[in-house]
Structures are given as C-alpha cells and as structure tokens.
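A short worksheet on the structure shown next.
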Amino acid sequence: MTMSRSIFAVLSLLLGALAPLSDEPQSPQYDLLIRNGTIVDGSGAPGFKADLAVKGDRIVRIGDLSGATATRVIDAAGLVVAPGFIDLLGQSETYLLIDPRAMSKVMQGVTTEITGEGESIAPINERQIKEQEGFLRRFNLSIDWRTLDEYFKRLEKQRSGVNVGTFVGATQVREYVIGYEDREPSKAELEQMKKLVARAMRDGALGLSSSLQYVPARFAKTSELIELAKVARQYGGIYATHQRSEANTIDASLDEVFEIARKAGIRVEIWHLKTAYKKNWGRMPHVLERIKQARASSIDVNADIYPYIAGSTSLSASLPPWALEGGTEKMLSRLRDPATRQRLKKEISEESNSWENIYLGSGGPEGVLVSSVVNRELEPLQGKRISEIAILEKKDPLDALFDFILADEGQTGAIYFMMSEADMRAAMQSPFVTFCTDSGARATDGPLAGSKSHPRGWGTYPRILGKYVREEKLLSLETAIHKMTGGPAARVNLRERGLLREGMFADVTIFNPATVVDRATFESPNQYPVGIDYVLVNGQLSVDKGQRTPALAGRVLRGRGYGAKP
C-alpha cells in the first residue's frame, strides 16, 4: 500500500510538470507562417511543396509545419514562394530620398536594389552638386552628405522600402578630382582618385563601376580604370561596367572589359548587355560566344539584361562627346549657337565608330521617346517621340531635340528603340546572364508621380515570369527565379540573401504563376503589375494581398571592405 501511494505521488508530480503552468494561451511559435506554397528557393533546383516560417527578420523553418502556430498565416496554395527579387542595376539612390516607399520596385517583387552606375551617390563635392541643380530644385532635395558612409547614414535614418547596396563610380571619382574635361589625370590626381575609391570601399561599396559610353566617363583610358579596379579588388569588390560600346565597336569594347578583368585580377559584371542599332542586330550569339571564351580562359565575367527592346538614358546622350565636354552649362551654351547647331546636325546625321550615335542608331526621331522631364511645363510631352514633338512644334526634328534639351536644362530622360527581340532572347537564355531593371523606383502617387520613365522600372520581373516563362516557355520557372535572386546575390557577394534557407534574411516574394504579368507600356509606363500577392522585406510584409503596406523595412547592404583599415 505504501509503495502504491509513493508511485502515485511520483506520477502526479511528473504529470504536473508537463501540464501548463496557467490557463493563459501560449504565444505563437512564429511571426509569420506561409503554408501550402510551392517553394522555388533561388538556387535553380526544382520547386517543392513546403511551409515556411518567419520570426523577426529571418527564415527559421522550412518543411511540414502543419502543427505550428503564428501571429499571421498566409495560405499560399497555388502560389510560388520565392526569394525577394534582386535588381542587379537600379537607379534609385536619390529617388529613395524623395519617396522612400520604392513603390514600382516593391510592387513587382523587388526587395533589394544594387545601384551606382558610373556616377555613384558618393563621394560628391560642390561642383558635382551644381550639375544636379535642376533635379534637386524640382524635388526639393538637399544633398547633405559627401561620403558614402554619410549617405548610408541618411538613408538609414530616413528608411527605405528596399535593401540598397551600391558601387563607387569611376566616373564619380573622375568628376570629383578632374571635373568634366577630356584629359588624363596627373599622377597626383590618379592617386587622389584611388584614395577616394578606397574610402568608398571601406564605407561599404560593393566594387567599382563605370559607364564608359557617356561623357565624361568615356574620357578615361583603360589604364586609369585598371588602376582603380585594383583598389576595389583589394577590398573584395568586383568591377561592373556599362561598357564603352554596345553597338558598332562592341568587339573592341569587350576586349577592354577582358583586359581590365585580367590586369586588375577582378571579377566583372557587364551591365544591361545588348547589341544595339539595326546594323548590329543578330550579333548577340557572337557576343555571348566571346564572353564564353573569356570565361573558359579564367576571366570571371557575367552579364545581365532587362527584357525590353528599348534602352533609356538622357536625351542629351544624342549629342557627340565634344558637345557635352565641360558640363551642363557649356553644353547648353553650344546648343544656343546657330553655327554649332549646324555642325551637330551634320555629325548626328552620319554613321560613326568614334562615338555612340544613339539617335541615328535608334532610327532617328521616330526611335526616340521623351520619358521624363524636370521642367513641369514639359510634362504633357512625356510619352511622345521626337518626331511627334517636331510636328507639333513645326520644327526640324534635330532643332526640336536641341530646343527640348535647352528647355529642360539637360535633365530630360529618353527612351531609345535600338535592340532586337531575337538578340534579347538569346542573352536571356545564356547561363551567365541574369536580370536588372536599370531604372529608378517611381510611383503612381506622391512626389514622383508626375514623372514618367521606362516600363522596365515597373514590370521587368513580372514580364519575365508572365511572358517568357509562362507564355513562351523560354525559361523554366526555376531558372528564371535563380537569375532574379540567387545568381545576382552571389555575383555581388550579398551574404544571407538571394535564397530561401533557414537562418537567412526573410526577403520573400509570393506570386501567382498563372496570372503574374507586367502592365507598363512605353507610352504609359506608370502602371503596377498584377500577380505579385505578397512581398516580405526583412520579415515585414511590404505587399499584402497585392496592396502596398506602410512598411519601410529595407536596409543598407555594405560590401566586404566595410570597416577595413586603410
């Protein structure tokens, strides 16, 4: 009897220990639980059915979580759960300070943007700030930073809808030291440029970038770029380039890319790869073969594209380099001179291998569309081609172009129809080509609403998923998502992003593979896509049932050299 009572007492104690201490409900295990979705994890591996749990800013469990609880549960049945898309070249560094929501990026599933094409956000001095006067005045923006670290601190204080990483521009440091003149740096000036690159790398730049088609970037010799690239490599960075020619002299341009990679010992990304102008259409297989051969010879080179047949840059890029030398004021002064106009008309109307004649290469005035302006009085002309504007104003097309540049003080954005669909498709299918938008974040409301842009900034990723994956089956879903996520993350050394893995940051895009598609057009670009149902940035819902939330959960992403000693 005593033995039985003792056993009963022990059992009672054990059962008591296992019982809840109170009648209070237990806290949910996770902050967010995504159930029943098809996980495509960004690695290129086949998708699989599983649940995904988020706690704080991290993915903490992937698997069968049917017994788990969470503060918020999303039923993703019929949906694809992917890593947040990574824009390998955006242009939002200043736009995020005007409207931090990054609407056109987040609404298409982008959670991270890489920026800094040649002219980066820093380092910056008073001379460079003056060049942006019209833009800064239009959007009431002040530049209160001078270094990359100071910019990052401002962005962190103000907050951002997307994660942001940036390169330091070779053009930026050239402008900082030399200005806008066509000359080589002295030995002392080159040393100063190298120090500026080193400082930016220690501040967190991802590498060195160039935009060699444009003035004053094109004034830099290959040897100058090699020396700057060597500095970036010392801090673990890569070299990313808008190469010197994407058209008539593309072979020589590729030679330069490979030479910089080889002599600086640095990895290379060719931004927005293309074979531009009708006379070069059909050459993309040759270009891809050259890159393939370079890779086989131990040059680490990749490329990226956007899925459209038109590019975008400034309207003033239609002018030859000599007309742009010295900065905006000198350019505008030249356009006011009748004799200089006649010279410009003659040169722009002729084929050339000495500069990128983007106006002629796009077929003339019919192939150039005004996309964005700074002068509000010109807004009604956004979405019109130079040929249309010339008819409206009863002017010669080139006079109409020159007058437009003058009226907008050289700040006009333009779209140039210069590529072929076949070449773009060939690049898209290449295993070493990923994706970008090459466009800044805009919105249909707020301070950026009056300004239009290229549709790639609104619909690149849904367009790929809807048109080229679902409708045309040009790529598998897994391959496309890898090119949007894991591939770009690895290229620019983004740690703990780009894949759906336990312990990684919870950047997640959930979309409907049956309906996802872009809606933006060249004439009416300011339209969000459909089919992007949910977007998480660092664990916070930024798109919920297709609607943007108030979340500004993006973070600054710094490169490998951050915090290194000089």
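This structure is a prediction, so every number in the text was calculated from the model and none was measured.
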Supply the atom-to-atom distance [X] [atom1] to [Y] [atom2], rounded to the nearest 0.5 angstrom.
X: E93; Y: L148; atom1: CD; atom2: CG; answer: 10.5 Å
X: R202; Y: K565; atom1: CZ; atom2: NZ; answer: 12.0 Å
X: K274; Y: S420; atom1: NZ; atom2: OG; answer: 12.5 Å
X: T166; Y: D203; atom1: OG1; atom2: CG; answer: 11.5 Å
X: Q429; Y: L288; atom1: CD; atom2: CG; answer: 10.0 Å
X: M504; Y: D57; atom1: CE; atom2: CG; answer: 12.0 Å

Self-check item: Partners meeting salt bridge (Lys or Arg N to Asp or Glu O under 4.0 Å) with R548 (sequence neighbours left out)
Solution: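 R548 satisfies salt bridge (Lys or Arg N to Asp or Glu O under 4.0 Å) with no residue once adjacent residues are dropped.
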Practice problem: Considering only NZ, NE, NH1 and NH2 on the basic side and carboxylate oxygens on the acidic side, decide whether K230 and E227 come within less than 4.0 Å. | Solution: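 Yes, this pair counts.
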Quiz prompt | Lys/Arg-Asp/Glu bridge criterion (N-O < 4.0 Å) met for E156, R558 | solution =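 A salt bridge links E156 with R558.
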[Y] side chain reached by [X] side chain, heavy atoms, under 4.5 Å:
X: T112; Y: V162; result: no
X: V215; Y: Y180; result: no
X: E133; Y: L136; result: no
X: F417; Y: F522; result: yes
X: V469; Y: R463; result: no

If you count the non-hydrogen atoms of other residues, nucleotides and ligands that lie under 6.0 Å from [atom1] in [X], is the total more than 12?
X: K194; atom1: NZ; result: yes
X: R199; atom1: CZ; result: no
X: R127; atom1: CZ; result: yes
X: K195; atom1: NZ; result: no

Mind checking ring pair (Phe, Tyr, Trp, His ring centres under 6.0 Å) for [X] and listing every partner two or more places apart, or none if nothing turns up?
X: F167; result: W271
X: Y308; result: H454
X: Y151; result: W145

Quiz item: Do you know which of S92, S160, S439 makes side chain to side chain donor-acceptor pair (under 3.5 Å) with E113?
Solution: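 Per the side chain to side chain donor-acceptor pair (under 3.5 Å) rule, the option paired with E113 is S92, out of S92, S160, S439.
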Self-check item: Smallest separation among heavy atoms of S312 and A414, with atom names
Solution: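 Distance-wise, the nearest heavy atoms are OG-O, 2.9 Å.
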Practice problem: Of all the heavy-atom pairs spanning Y306 and T460, show the shortest one and how long it is. | Solution: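 Closest approach of Y306 to T460: CB-OG1, 4.4 Å.
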Quiz prompt | Listed once per pair and sorted, the ring pair (Phe, Tyr, Trp, His ring centres under 6.0 Å) pairs that draw on residues 217-249, sequence neighbours left out | solution =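 Those involving residues 217-249 are Y214-H242, H242-H272.
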Quiz item: Between Q172 (side chain) and S120 (backbone), is there a donor-acceptor pair under 3.5 Å?
Solution: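 Side chain of Q172 to backbone of S120, a donor-acceptor pair under 3.5 Å: yes, one is there.
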List, one per line, each side-chain donor-acceptor pair under 3.5 Å for residues 481-491, sequence neighbours excluded.
residue	atom	partner	partner atom	Å
H482	ND1	G42	O	2.9
K483	NZ	M428	O	3.3
K483	NZ	S430	O	2.5
K483	NZ	V433	O	2.4
T485	OG1	I481	O	2.5
R491	NE	E269	OE1	3.4
R491	NH1	D300	OD1	2.9
R491	NH2	V268	O	2.8
R491	NH2	D300	O	3.0
R491	NH2	D300	OD1	3.0

